[in-house]
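Notes follow once the structure below has been shown.
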Amino acid sequence: MLRAVALRVTRPRVAVLSAVHGHPHADTDSIIGAVRTDLPEVSHQAVYDSLRVLTAAGLVRRIQPAGSVARYESRVGDRHHHIVCRSCGLIADVDHAAGDLACLTASGDSDFVIDEAEVIYWGSCAQCCTARTV
Ligand SMILES: [Zn+2]
Ligand SMILES: [Zn+2]
């Protein structure tokens, strides 16, 4: 994947990419933890740099719901949305309700060409709903 976007293949980049694949929507600290199981000597800075490079290259998508730290995921390209639990912060993917392009059609006239719609739904995850009713 790194070679496909003309990035130099380094051990931190490979380890970060596989950590993001294995832990969708993980924050930087969790990614550092996961990378260190493979590569114990990796520095925080190397992980930050790798995340920045991978995000810029489009291999990793960065999301940041309000009030949350940045999260990273490897499911790129389909512009899916996210749902966030207000209680525990769990993040899940939400597919487009009405097709990939429907969200990119804003109603009303504007002179903008829209290429991304970032929608975040807020609510309670199943576990938090259960905890509340017990
Ligand atoms: Zn929850
Ligand atoms: Zn996602």
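Every number for a ligand or one of its atoms is a count from 1 in the order of the listing.
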Qualifying residues under ring pair (Phe, Tyr, Trp, His ring centres under 6.0 Å), relative to H25, sequence neighbours excluded: H82
I'd like to know whether CD of Q64 has more than 12 heavy-atom contacts from other residues, nucleotides or ligands below 6.0 angstrom. yes
Does the side chain of R13 reach to within under 4.5 Å of the side chain of L7, using non-hydrogen atoms? yes
Using only atom types and a distance under 3.5 Å, with no angle test, would you say the side chain of S50 pairs donor to acceptor with the backbone of A46? yes
Run through the protein N/O/S atoms less than 2.8 Å from the Zn ion (ligand 2) and write them out by chain and number. H25 NE2, E73 OE1, H80 NE2, H82 NE2, D93 OD1
With the 4.5 Å side-chain cut-off for hydrophobic clustering, are V76 and V20 part of the same group? no
Using 2.8 Å as the cut-off, note every protein N, O or S atom close to the Zn ion (ligand 1). C85 SG, C88 SG, C125 SG, C128 SG
Taken in chain and number order and not counting sequence neighbours, the residues that satisfy salt bridge (charged side-chain N to carboxylate O under 4.0 Å, His left out) with R52 are D49
Just so I know, are the side chains of I83 and I91 near enough to count as touching, which here means a heavy-atom distance under 4.5 Å? no
Just checking R11: does its CZ atom have more than 12 heavy atoms from other residues, nucleotides or ligands closer to it than 6.0 angstrom? no
Side chains of V84 and I120, heavy atoms from C-beta outward: is any pair under 4.5 Å? yes
